[in-house]
Structure formats: C-alpha cells, structure tokens
Amino acid sequence: MKVLVIGGGGREHAIVHALSKSSKVTEIYAAPGNAGISKLAMCVNIKDTDVSNLVAFAKDEKIDLVVVGPEAALAVGVVDEMQKAGIPAFGPTKAAAQIESSKNFAKDLMSKYNIPTARYEVFKDYESAISFVKISPFPTVIKYDGLAAGKGVVIAENYEEAEAALKDMLLDDKYGKGKVVIEEYLEGPEFSFMCFVDGENVYPLQLAQDHKRAYDGDKGPNTGGMGAYSPLPFITEKDYNEALNQIMIPTAKAMVNEGNPFKGVLYGGLMKTKKGIKVIEFNARFGDPETEVVLPRLTSDIYDAFMAIVNGTEPKLVWDNKCTIGIVMASKGYPGDYKKGFIIENATSDNIYHMGTKFDDNGNYLTNGGRVLFVVASADTLEEANKKANALVDEIKCENLYHRTDIGAKAYKKF
Ligand code: AMP
Ligand code: GLY
C-alpha cells in the first residue's frame with residue numbers, strides 16, 4: 001500500500017516511523033517532510049496547505065491512504081477534497097475541524113452539550129470586550145477565535161495585559177480579523193487525551209503530557225511544547241473514566257448530532273481541576289509532541305488502525321507497558337527569534353524524530369526551525385526513561401540547540 005503523510009515535523013516523522021513498521025505499507029510519501037523523514041519516506045515538495053497539488057499528486061501516484069498531520073491542512077479542507085477525488089483520507093472534514101479552528105465553535109458546542117469547560121463570553125468588538133474585562137477577576141484568559149499557531153492565547157494577570165491583548169486581537173488584527181473568547185482561568189495539571197474517533201465511536205490512545213514552558217521547572221516563555229511523556233501516573237482510573245465518559249464520548253456524539261460527524265484524531269487538551277476534569281481546548285489532529293511519545297508505544301499495525309477508522313470499522317490498538325519520554329532540542333532563542341543553518345551531528349538514530357531539519361549540499365543535517373529534534377527513550381519507569389533520553393540528547397552535537405532536562409520529572413519527583 002502507498003501512503004501519503006501530509007506535514008513535515010516531529011509528529012509526521014513519528015507517524016511515518018509507525019507506518020514504516022506495517023507489513024502492508026510498501027511506499028511512504030511525505031509532503032513536504034523534512035531531512036529526518038526522508039530516511040523513511042520519499043519527500044515531495046508540496047506545501048501542506050496546497051490542496052490542489054496534494055490531490056493531484058495523490059491521484060497520479062494512486063495513493064491508498066492519506067494521513068493528515070497539521071491543523072492548517074485540515075482547516076483548508078484537504079480531507080474534503082481527497083474524498084471528492086475518491087482517495088481515502090484519515091482526518092476530519094473542514095467543517096468538523098472547526099472544533100479546533102474556531103474556539104467559539106468549540107465553546108458553544110461544549111456549552112450546548114454540558115461538556116465541562118471554563119465559563120466564557122465571545123466578543124467581536126473591542127469596546128464591549130474592554131467593558132467586560134473591567135469587571136472580570138484576574139487572571140483572565142483571552143483567546144483569539146481562529147488558528148494563530150499556538151500564539152493566540154493570553155493569560156492576562158491584570159487589566160493592562162488584557163487591554164494589550166485585546167488591542168492586538170481586535171484593533172490591530174494581529175492574527176487576522178476575528179473574534180475573541182474571554183474565559184475563566186482554571187488551575188490544575190494539564191494532560192492530552194487523544195482518541196481515534198469515527199462518528200459516535202471513540203477509541204482512546206494512551207495519555208500523554210506536554211511541557212509548554214521553555215525552561216526547567218516550568219519557567220520561561222510558553223512554547224509549542226518542549227517535551228512530553230506517557231503514561232501519566234497522576235491520572236487515576238476515576239479521572240480517566242470521567243475524561244472519557246463525560247468529555248470525549250459526549251463530544252463525539254455532539255458532533256454527530258450537529259451534523260458534523262468527526263473522523264480522525266480528536267485531541268482533548270484537558271485539565272484536572274479541583275472541580276473535576278475540564279476542557280481547555282480541542283484539537284482536530286494528533287498532538288505535537290505528544291504523538292512522538294504515544295505512537296512508539298503502539299505495538300499493533302497503525303495502517304490497519306487508520307484504515308479501520310476510514311472504513312468505519314473498529315481499529316485494533318495494542319500498547320506496550322513501557323514509559324516513554326521525549327525531549328525537544330530547540331534553537332537558542334526559540335520561542336523568540338533564532339538563527340537557522342547550524343550543523344547537527346549524531347542525529348540519525350531510530351529514536352530521534354526531526355521537527356525542523358534540512359540537508360546541506362554535503363548531506364549534513366542543518367537546523368531549520370525553532371523546534372529542531374525530538375529525542376525519545378523508552379524504559380520500565382519514567383525516571384529511567386528520563387535518564388536515557390538525557391543521555392541520548394548529550395550525544396547530539398550542535399552549537400545552537402538547548403533543551404529541558406526535567407521532562408516527566410513532575411510525575412516521579414517531589415518538589
Ligand atoms: P490553548 O491554545 O487553548 O490550549 O491554550 C494554551 C495554554 O493556555 C493551555 O495549554 C493552558 O496552559 C493555558 N490556558 C488556556 N485556557 C486556560 C484557562 N481557561 N485557564 C488556565 N489556563 C488556560
Ligand atoms: N501539544 C499541543 C498541540 O499539539 O497543540
């Protein structure tokens with residue numbers, strides 16, 4: 001079977017790696033892919049949002065299955081167009097992907113179906129948003145209603161910060177013309193619950209936790225994620241059942257009821273608060289970097305699982321009992337400004353997923369993004385996996401990368 005994976009980051013590298021283990025898959029293509037992915041897949045230089053060229057490529061190559069990684073590709077309707085062309089595609093339609101691409105859509109859905117989440121109000125004009133924050137308690141959370149590459153959420157500690165965020169989003173249209181959601185600030189550990197969803201049917205993947213802050217001890221600026229681990233000892237069986245039965249299953253059912261059945265990976269960004277599990281956000285795709293620690297634990301065939309969802313049958317998902325930890329190696333300066341083009345040595349091993357790399361003319365890997373590599377280790381305990389992952393990171397030579405050393409430590413260390 002021939003599979004096309006759309007995207008070119010660590011998540012797509014992990015998906016390609018999992019597909020490469022399937023006995024049914026003979027050829028893998030990635031669009032656009034990256035230098036690391038090119039060891040396992042043929043990279044084709046088509047942008048992830050260039051729908052017409054992606055469809056033309058899939059038709060020409062007689063692709064048997066398309067797997068979509070990034071939200072931007074879903075939001076422009078790549079799955080809808082593949083389906084129209086008769087090409088099986090794993091991922092939600094544009095309409096169903098609104099659960100991620102519009103915070104307003106997601107919040108209204110949760111409100112209508114009593115799915116637990118922070119209280120909220122939606123505003124499209126600056127004056128009424130400002131009047132609302134004048135009477136709001138702080139911190140308060142301000143979210144741009146649209147895709148903003150993970151940058152559209154501001155936790156305002158005071159009125160001045162809220163005013164600045166609203167000015168950016170509603171007066172200066174920093175992310176484009178749009179609305180904002182202002183919501184109640186919640187507290188508690190966050191976790192990522194990804195499920196394969198086919199209409200009302202929900203098939204959970206293993207839980208993972210991302211680390212959003214740049215530096216050890218959860219210090220420094222927010223990033224796209226600096227590391228992840230799986231499983232999660234702080235989630236009890238009761239928490240798990242609550243998340244599945246009061247959030248993930250009702251959300252899948254709500255989408256069907258609204259005439260927007262979801263197919264693909266529904267990602268619940270959840271928080272364990274003192275008042276129960278609540279939704280922080282939904283994504284319509286595999287999480288990055290959570291996927292890079294969850295898929296290595298899958299021992300059954302991922303191609304079969306994708307096809308089962310596409311065809312409306314039950315996927316078989318079998319997991320190992322290992323603990324996986326992955327550490328992001330990011331360009332110095334990230335999430336702010338950073339330079340690219342530094343040579344990376346020793347980054348070929350099987351447990352390194354490339355997030356942002358390219359080749360130079362001599363075949364060396366070069367840094368080519370904010371987040372560059374994701375180094376994964378697996379062991380019987382999280383503590384051992386952390387030690388192993390850090391040792392692997394230390395073998396990689398590059399003068400412009402930094403990383404956290406404490407990924408997963410919250411789960412086994414008392415601070
Ligand atoms: P989002 O893009 O909605 O996931 O928001 C990014 C991050 O902002 C989340 O991972 C949380 O850490 C934080 N956040 C979002 N909404 C809230 C909230 N209502 N209360 C507290 N923190 C939040
Ligand atoms: N790790 C968070 C995300 O994929 O959006």
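The basis for the numbers below is simple: all heavy atoms, side chains too, and nothing from hydrogens, waters or symmetry mates.
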Less than 4.5 Å apart, side chain to side chain, heavy atoms only: is that true for L205 and M194? yes
Is there side-chain contact between Y303 and L65, with heavy atoms separated by less than 4.5 Å? yes
Should R11 and E292 count as an ion pair when the cut-off is N to O under 4.0 Å? no
Taking the ring centre of each residue, are H354 and F374 less than 6.0 Å apart? no
Between K397 and E345, is there a side-chain N and carboxylate O pair less than 4.0 Å apart? no
Any chance you could lay out the side chain to side chain contact (heavy atoms under 4.5 Å, CB included) test for T251 and L109, step after step, and finish with the verdict? CA-CA 8 Å; T251 303; L109 186 85; 4.2 Å; yes
Between G8 and N34 the two heavy atoms that sit nearest each other are O-ND2, 3.2 Å
Say whether, by atom type as modelled, one donor and one acceptor occur between the side chain of R285 and the main chain of G69 under 3.5 angstrom. no
For residues L295 and A18, report the shortest heavy-atom separation together with the two atoms involved. CD1-CB, 4.4 Å
E81 with K84: basic N within carboxylate O range, under 4.0 Å: yes
Nearest non-hydrogen partners of V25 and L19, listed with the distance: CB-O, 3.7 Å
Under the criterion side-chain hydrogen bond (donor to acceptor under 3.5 Å, both in side chains), I'd like the reasoning laid out for D301 against S22: C-alpha separation, chi angles, the key distance, then a yes or no. CA-CA 6 Å; D301 188 312; S22 164; 2.8 Å; yes
So do the side chains of K143 and E183 get within less than 4.5 Å of each other, counting heavy atoms only? yes
Main chain of E237, side chain of N241: is a donor-acceptor contact present, judged purely on distance under 3.5 Å? yes
Approximate separation, where rounding is to 0.5 Å, of Y144 OH and S102 OG: 10.0 Å
Quick one, I15 and F306 - any side-chain contact, counting heavy atoms below 4.5 Å? yes
Taking 4.0 angstrom as the limit, do K263 and D198 come out as a salt bridge? yes
Please lay out, stage by stage, how D168 and K174 fare under the test salt bridge (charged side-chain N to carboxylate O under 4.0 Å, His left out). CA-CA 5 Å; D168 276 353; K174 193 167 169 189; 3.5 Å; yes
Under the ring-ring contact (aromatic ring centres under 6.0 Å, His included) criterion, do F193 and Y240 qualify, and how do the steps go? CA-CA 9 Å; F193 196 173; Y240 181 87; 5.2 Å; yes
Just by distance, do the side chain of D48 and the backbone of I6 share a donor-acceptor pair under 3.5 Å? no
Is any side-chain heavy atom of E12 less than 4.5 Å from a side-chain heavy atom of P70? yes
Tell me if the CG atom of N311 is crowded by more than 12 foreign heavy atoms within 6.0 Å. yes
If you measure from the Lys or Arg side-chain nitrogens to the Asp or Glu carboxylate oxygens, is any gap between D145 and K103 under 4.0 Å? no
Test item: Q246 side-chain N/O and A243 main-chain N/O as donor-acceptor pair under 3.5 Å: no
Side chain of T291, backbone of D288: donor and acceptor closer than 3.5 Å? no
Taking the six-membered ring for Trp, is the centroid-to-centroid distance between F138 and Y185 below 6.0 Å? no
Side chain to side chain, V55 and M82, heavy atoms closer than 4.5 Å: yes
Determine, for D239 against K272, whether the closest basic-nitrogen to carboxylate-oxygen distance falls under 4.0 angstrom. yes
Check the angle between the aromatic planes of Y365 and F359 and answer parallel, tilted or perpendicular using the 30° and 60° thresholds. parallel
CD1 on I87 to NZ on K62, rounded to 0.5 Å: 10.5 Å
Considering residues, nucleotides and ligands other than K124, do more than 12 of their heavy atoms fall under 6.0 Å from its NZ? no
Going through the distances and angles, do K340 and S331 end up as a side-chain hydrogen bond (donor to acceptor under 3.5 Å, both in side chains)? CA-CA 8 Å; K340 298 183 192 176; S331 294; over 6 Å; no
Look at the aromatic rings of Y353 and H13 and report parallel, tilted or perpendicular, splitting at 30° and 60°. perpendicular
Please determine if D210 and K212 form a salt bridge, counting it only when a charged side-chain N lies under 4.0 Å from a carboxylate O. yes
List the atom of V16, the atom of A41, and the distance in Å for their closest heavy-atom pair. CG1-CB, 3.9 Å
Does the salt bridge (charged side-chain N to carboxylate O under 4.0 Å, His left out) test come out yes or no for K316 and D304, once each step is laid out? CA-CA 8 Å; K316 184 172 148 214; D304 285 343; over 6 Å; no
Do you see a donor-acceptor pair shorter than 3.5 Å between the side chains of Y159 and E161? no
Any chance the side chains of T93 and D80 put a donor and an acceptor closer than 3.5 Å? no
Determine, stepwise, if the pair E61 / K2 fulfils salt bridge (charged side-chain N to carboxylate O under 4.0 Å, His left out). CA-CA 8 Å; E61 291 297 330; K2 290 170 132 186; 3.5 Å; yes
side-chain contact (heavy atoms from CB on, under 4.5 Å) with E290: which of Y229, Y267, F191? Y267
Distance from Q209 atom CD to E190 atom CD, nearest 0.5 Å? 8.0 Å
Side-chain donor/acceptor of N53 to backbone N/O of N45, under 3.5 Å: no
Is there a donor-acceptor pair under 3.5 Å between the side chain of T299 and the backbone N or O of V318? yes
Neighbour count above 12 (heavy atom, 6.0 Å) for K358 NZ: no
Has T357 got a side-chain atom pairing as donor or acceptor with T367's backbone, closer than 3.5 angstrom? no
In terms of heavy-atom contacts, A252 and V202 come closest through CB-CG2, 3.6 Å
For F90 and F196, I'd like to know if the aromatic rings sit close, meaning centre-to-centre distance below 6.0 Å. yes
Does any N or O in the side chain of D320 come within less than 3.5 Å of the main-chain N or O of K322, such that one atom is a donor and the other an acceptor? yes
Indicate yes or no for a side-chain donor-acceptor contact from H17 to the backbone of L40 under 3.5 Å, with no hydrogens or angles considered. no
Would you call K274 and E187 a salt bridge, using N to O less than 4.0 angstrom? no
Evaluate R297 against S230 for side-chain hydrogen bond (donor to acceptor under 3.5 Å, both in side chains), listing each step before the verdict. CA-CA 9 Å; R297 298 188 55 206; S230 174; 2.9 Å; yes
Whether D406 and R404 form a salt bridge (side-chain N of Lys/Arg under 4.0 Å from carboxylate O of Asp/Glu) is what I want to check. yes
Taking the side chain as C-beta and beyond, is there a heavy-atom pair between L298 and W319 under 4.5 Å? yes
In terms of relative ring orientation, are Y402 and Y215 parallel, tilted or perpendicular, with 30° and 60° separating the classes? tilted
Test N390 against T405 for side-chain hydrogen bond (donor to acceptor under 3.5 Å, both in side chains), laying out the working first. CA-CA 7 Å; N390 273 296; T405 61; 5.2 Å; no
Of the non-hydrogen atoms in L382 and T324, which two are nearest, and what is the gap between them? CD2-O, 4.2 Å
